[in-house]
Amino acid sequence: MYLYDQYDQRQVDARVEEFRDQARRRLEGKLTEDQFKPLRLMNGLYLQLHAYMLRVAIPYGTLNSRQMHALADIADRYDRGYGHFTTRQNIQYNWIKLEEAADLLADLARVEMHAIQTSGNCIRNISSDHFAGAAADELVDPRPYAELLRQWSSFHPEFSYLPRKFKIAVIASDTDRAAMRLHDIGIQIVEKDGDLGAAFYVGGGMGRTPMIAPCIKDFVPLDRLVTYAEAVLRVYNRYGRRDNKYKARIKILVHEMGKDAFTQAVDEEFARMLDEGIEPPFAELERIRTFFEDPLFEAGASEEIDRSDPDFALWVDRNTVAHKAPGYVSAVISLKPVGGIPGDATSEQMRLMADLAKDFSFDELRVMHTQNIVLPHVRKADLHALWTALDGAGLGAPNLDTIEDIIACPGLDYCSLANARSIPVAQKISERFAANGKTEALGQLKLKISGCINACGHHHAGHIGILGVDRKGVENYQLLLGGSEAEDVSLAKITGPGFDEAGIVDAVETAADVYLRERQTGERFLDTFRRIGMTPFKEALYG
């Protein structure tokens with residue numbers, strides 16, 4: 001993983017002291033809230049319903065045990081003993097005091113972490129495939145390219161005040177595990193005639209107007225990666241709307257200009273920029289790559305797994321993923337216990353995960369955009385010891401990609417933008433399906449819940465999605481079906497009138513039962529929905 005040099009550390013330390021002065025002036029009344037708001041947002045500090053919330057960047061989801069231990073210490077010292085892992089591979093703390101925020105940022109800086117550009121109208125945390133560097137199907141490790149883009153985008157003076165927030169994802173596999181086409185820019189590392197390059201997808205996103213990014217360039221040479229990305233940002237910065245925040249995202253610009261006209265504008269800008277020296281030396285990319293070399297995998301590691309314990313065998317089947325190295329797997333730690341809050345982890349659980357990463361995964365962890373944690377490089381021979389420790393700490397739920405592996409935003413329990421609660425709905429659904437025994441039969445079924453139209457819970461991309469809305473002061477939940485964030489990307493469609501909290505849990509089970517009745521051999525829920533359409537589901541839901 002990437003390690004700071006002196007330049008990185010000076011930048012982060014300077015930003016901490018800058019914010020310390022800004023917070024002091026706010027506390028002394030020398031800055032109004034309106035004056036302070038853009039300053040705190042650029043440092044990841046939100047004012048939520050009950051307290052300040054701090055969002056900490058975890059670039060492309062990668063961190064080590066020292067950093068995870070620090071996150072646990074921060075949870076105890078500055079919060080209420082837990083943190084919430086998010087769909088942008090970040091962590092959030094929900095109970096921060098402004099007078100302590102600068103000290104918190106200083107603690108982060110000591111372990112090469114920060115909260116810079118985790119909010120505001122700027123380029124946010126660069127995300128990537130959570131199995132990067134371990135996946136059996138990837139072309140190369142995409143994280144060096146994500147890191148190059150992170151360095152380019154950090155404190156970029158031209159892109160500090162974009163029309164709206166901007167999100168980039170980088171993958172290097174035909175299997176999309178990062179919701180790449182639902183980003184403002186999605187980049188896939190590809191190969192053409194023996195050379196590596198980047199395919200650019202631009203104009204995706206969820207929120208009020210969900211859109212799937214079209215491919216505007218199928219091959220950009222890697223020594224022009226940053227230049228082409230900057231050309232896209234320049235066109236957006238020049239033509240993106242600033243008069244209406246609901247129409248300010250790049251997806252609206254691409255839609256209104258049309259893919260071809262937008263691509264032409266980017267290509268023209270790119271051509272002008274080729275003589276400007278925008279691209280960093282290719283040697284810099286090579287330098288970054290050295291931080292992402294494979295660990296020293298054990299030669300001849302055993303492929304044997306003792307499956308005599310049925311609970312362990314179920315966890316292995318559901319929560320481990322094929323690895324490129326023989327005798328290894330990537331092991332997913334579920335932060336979705338039955339009845340739990342999706343994405344939450346206590347400080348004790350964070351410390352355990354950190355220790356397990358050091359013992360079993362070359363001191364490396366990954367945050368998944370699905371709000372779980374991955375130990376990317378685990379010997380099969382160590383799996384039982386790993387599972388035993390996880391299970392004892394409430395982290396051994398065998399539910400990866402099942403209906404119990406729910407994505408949910410914090411919703412109205414915390415967020416000032418939310419219209420409805422997400423957490424209780426997620427808890428009740430996981431409890432319902434754990435009790436009715438249908439999880440195994442349902443197989444892969446991705447359920448996602450948002451408490452408002454901003455779609456932090458990715459409801460548009462759920463096989464089953466739930467959107468909380470306000471109906472005359474009462475929480476109401478719309479049911480959506482047929483979404484996908486993967487390589488078969490699609491946007492879910494609303495079934496019809498919404499439901500109350502109890503009704504939406506029943507509605508999810510009804511939709512699941514339609515699938516179980518109608519499916520053909522080998523079909524996922526999504527496959528069956530695409531084959532039979534919405535009508536059978538509507539008939540079951542509404543009569």
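Closest of all the heavy-atom pairs between Ile123 and Ile126 is CG2-CD1, 4.1 Å. Scanning all heavy atoms of the two residues, the minimum distance from Gly451 to Ser422 falls at N-OG, 3.1 Å. The two atoms that bring Leu352 and Ala393 nearest to each other are CD2-CB, 3.3 Å, heavy atoms only. Residues Arg150 and Asp8 approach most closely at NH2-OD1, 4.1 Å, considering heavy atoms. The shortest heavy-atom contact between Ser334 and Asn372 is CA-OD1, 3.5 Å. When all heavy atoms of Arg421 and Glu475 are compared, the closest pair comes out as N-OE1, 2.7 Å.
In summary, the side chains of Tyr78 and Asp107 do present a donor paired with an acceptor at a separation below 3.5 Å, with no hydrogens or angles considered. Side chains of His69 and Asp355: a donor on one and an acceptor on the other come within 3.5 Å. A side-chain donor from one of Glu230 and His156 sits under 3.5 Å from a side-chain acceptor of the other. A donor-acceptor pair shorter than 3.5 Å can be found between the side chains of Asn237 and Arg242. Checked by atom type, the side-chain pair Thr227/Glu279 shows a donor-acceptor distance below 3.5 Å. Donor-acceptor pairing under 3.5 Å is recorded for the side chains of Asn90 and Asn125. Side-chain contact annotation: Asn454 with Arg208, donor-acceptor N/O pair under 3.5 Å absent. In the model, Asp5 has no side-chain atom that pairs as donor or acceptor with a side-chain atom of Gln9 under 3.5 Å. Asn94 and Asp79 share no side-chain donor-acceptor pair at under 3.5 Å.
Summarising the geometry, atom CG belonging to Asn121 is positioned 9.5 Å from atom OH belonging to Tyr161; distances are rounded to the nearest 0.5 Å. With values rounded to the nearest 0.5 angstrom, Lys165 atom NZ is found 10.5 Å from Cys122 atom SG. To the nearest 0.5 Å, the span separating CE on Met368 from CG on Leu335 amounts to 10.0 Å.
Each of Leu395, Leu71, Leu375 was evaluated against Met353; a single residue qualifies, Leu395, per the side chain to side chain contact (heavy atoms under 4.5 Å, CB included) test. Partner of Phe291 under the ring pair (Phe, Tyr, Trp, His ring centres under 6.0 Å) criterion, out of Tyr4, Tyr60, Tyr2: Tyr2 alone.
A salt bridge is absent between Glu404 and Lys336; no separation between the charged side-chain nitrogens and carboxylate oxygens falls under 4.0 Å. Under the 4.0 Å criterion applied to side-chain N and carboxylate O atoms, Arg26 and Glu33 are assigned as salt-bridge partners. Salt-bridge check for Lys30 with Glu28: passed, with a basic side-chain N closer than 4.0 Å to an acidic carboxylate O. Under a 4.0 Å N-O distance rule, the pair Glu269/Arg272 qualifies as a salt bridge. With respect to Arg351 and Asp76, a salt bridge is recorded, a charged nitrogen being found less than 4.0 Å from a carboxylate O.
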(message) Could you walk me through whether Tyr52 and Tyr46 satisfy the ring-ring contact (aromatic ring centres under 6.0 Å, His included) test, starting with their C-alpha distance in whole Å, then the side-chain angles of each, then the deciding distance to 0.1 Å, before giving a yes or no?
(response) CA-CA 5 Å; Tyr52 284 98; Tyr46 289 74; over 10 Å; no
(request) For the pair Asp103 and Arg20, evaluate salt bridge (Lys or Arg N to Asp or Glu O under 4.0 Å) and give the outcome as yes or no after the intermediate values. (result) CA-CA 8 Å; Asp103 290 337; Arg20 189 183 298 280; 2.9 Å; yes
(request) Show the numbers, then the answer: is there a salt bridge (Lys or Arg N to Asp or Glu O under 4.0 Å) between Lys251 and Asp184? (result) CA-CA 7 Å; Lys251 62 187 178 183; Asp184 298 285; over 6 Å; no
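Here salt bridge (Lys or Arg N to Asp or Glu O under 4.0 Å) pairs that include residues 116-132, with residues two or more places apart or in two chains, are Asp129-Arg177.
Residue Phe155 qualifies as enclosed at atom CZ: its count of foreign heavy atoms under 6.0 Å is above 12.
For Asn319 (side chain) and Leu400 (main-chain N/O), a donor-acceptor pair under 3.5 Å exists by modelled atom type. Looking only at distances, a side-chain donor or acceptor of His50 sits under 3.5 Å from a matching main-chain atom of Asp413.
Listed by chain and residue number, Arg143 satisfy the side chain to side chain donor-acceptor pair (under 3.5 Å) test with Asp141 (two or more places apart in sequence, or in another chain). Contacts of Glu485 classified as side chain to side chain donor-acceptor pair (under 3.5 Å), with partners at least two apart in sequence or in another chain: His369, Lys448.
Checked against the 6.0 Å centroid threshold, Phe297 and Phe362 count as a close aromatic pair. Remark: aromatic rings of Tyr228 and Phe200 are close, center separation under 6.0 Å. Ring-centre distance between Tyr201 and His183: not below the 6.0 Å cut-off.
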